[in-house]
There are 2 protein chains.
Amino acid sequence: MRWDDIDKQICSVARALSVVGERWTMLILRDAFLGTRRFDQFQSNLGITRHRLSERLGKLVDQGVLVKVPYHDRPLRHEYRLTRKGLGLYPVLMSLARWGDEWMDKGEGAPLEYIHQSCGHMTRPTLTCSECAEPLRPEEVRPRLGPALQDPNLPPQQASLKKIPSLLKPVG
Amino acid sequence: MRWDDIDKQICSVARALSVVGERWTMLILRDAFLGTRRFDQFQSNLGITRHRLSERLGKLVDQGVLVKVPYHDRPLRHEYRLTRKGLGLYPVLMSLARWGDEWMDKGEGAPLEYIHQSCGHMTRPTLTCSECAEPLRPEEVRPRLGPALQDPNLPPQQASLKKIPSLLKPVG
DNA sequence: TAACTGGGTTCCAGATCGGAACGAATATGG
DNA sequence: CCATATTCGTTCCGATCTGGAACCCAGTTA
């Protein structure tokens, strides 16, 4: 299968990655969440080539993750801002950052810390259950088929998704 | 800058992506979380080429995200299992899945639903503050420099990270 | 002895990437 | 009026990465 076809899978992770799974895209969004808005700023912060940046920004705009907002005419200039759909990626970025903080530390501590303004404390973003508010641990979550996979005549490639074993215990 | 150098950045997101940011890697991990363990199973579930799969699995093992565990000798066979470091990626995968459920739905509902065994309910994984337990909204979180970025003589490329503006309001 | 299974590796054409140069529209300084 | 700068791109080309298919190897079954 070609990478470009992953959005055809009946899988939300695959569909999400079809939008944000290319090189640089997540780093562009990281910068957007930290306040970067302009082409040149993205370029110099990231060290990406202009060509690639232009392509990635264009795709994010097409997908509705960013919008181009004019901030000056004559000459016409625009900046790139997160939409609501884009802001929805906050948990993904934060989870990546926390994992990096925990597992990829090179001994100098975290690059950034986060203050939760509404409670005033330094926060460690935690994934929790919407119903009981406990932290979600993979061994305690059981996936089951949702509406999109109930269809009895699925394309055969997707059939494997219907056999969901249980989650794993860690090793090592 | 070359993509291979992103792990040199003083940024946890970049470091995390240097491990899980390549094509296919996240989908391999998705399958691992759903119980896939063997080479051929990954291959047929994902539709990735054997070559690429072999390379990606090898890298994940090198990075300590998966371990190769023998399950049969003569002939020697092994399977790939998530380590604790690998299980640590659960919030990333879940956040991606939720975003895909919400924003990439094609009108047939979610592919998978998740039951939180310990409370018995269908859960919507939510990123919350470790201190006050409220859902974390990007406008309410202010990043500040952590230990790793306090060093007064940083390499100049990283200097841009020191200027953290505020977070954005959505548009559109 | 032939075919099969699990788990890879080799090879090559085509797609993607990085770097550097080029372009276009307006503003600024002299 | 001319040269230079700013902002946001696009074009071109050689290097790297990817996908598909074929090949390999150790045991196992028939």
Side chain A:Trp99, main chain B:Gly86, donor-acceptor under 3.5 Å: no
Spacing between A:Glu79 atom CD and D:dT7 atom P, to the nearest angstrom: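 It works out to 13 Å between those atoms.
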D:dG9 OP1/OP2 closer than 4.0 Å to side-chain N/O of A:Tyr80: yes
Test item: B:Pro91 and A:Arg98 side chains (from C-beta on) under 4.5 Å apart, heavy atoms: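 No, side chains not in contact.
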Pairs involving residues 5-31 of chain B, ordered by first then second residue, that meet ring pair (Phe, Tyr, Trp, His ring centres under 6.0 Å) (sequence neighbours left out):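 Qualifying pairs: A:Trp3-B:Trp24.
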Test item: A:Arg15 side-chain N/O and A:Gln9 main-chain N/O as donor-acceptor pair under 3.5 Å: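 Yes: the side chain of A:Arg15 pairs with the backbone of A:Gln9.
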Start and end of the DNA chain C segment that chain A contacts, any atom under 4.0 Å from a heavy atom: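 Listed 5' to 3', the contact boundaries are C:dT16 to C:dA27.
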Those residues that, when tested against A:Glu131, pass salt bridge (Lys or Arg N to Asp or Glu O under 4.0 Å) (two or more places apart):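 Testing A:Glu131 for salt bridge (Lys or Arg N to Asp or Glu O under 4.0 Å), a comparison that skips the adjacent residues, returns none.
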side-chain contact (heavy atoms from CB on, under 4.5 Å) involving A:His51 - partner list, sequence neighbours excluded: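 If we apply the side-chain contact (heavy atoms from CB on, under 4.5 Å) test to A:His51, skipping adjacent residues, the hits are A:Thr49.
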List the atom pairs, with distances to 0.1 Å, where a side-chain N or O of residues 54-62 of chain B and a protein N or O form a donor-acceptor pair under 3.5 Å, not counting sequence neighbours.
unit_1, atom_1, unit_2, atom_2, d
B:Glu55, OE1, B:Arg52, NH1, 2.8
B:Arg56, NE, B:Arg23, O, 2.9
B:Lys59, NZ, B:Ser18, O, 3.0
B:Lys59, NZ, B:Glu22, OE1, 3.2

Sugar-phosphate only, base, or nothing, as touched by B:Phe42 at under 4.0 Å among non-hydrogen atoms: nothing
A:Arg38 CZ to D:dG9 C1', straight-line distance once rounded to whole Å: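 Answer to the nearest Å: 16 Å.
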Annotated protein contacts, base or backbone, on nucleotides 15-30 of chain D with a non-hydrogen cut-off under 4.0 Å, one of B, S, - each: --SBBB------SS--
Whole-Å gap separating P (D:dT7) and CZ (A:Arg37): 16 Å
B:Thr83 side chain vs B:Gly64 backbone, donor-acceptor pair below 3.5 Å: yes
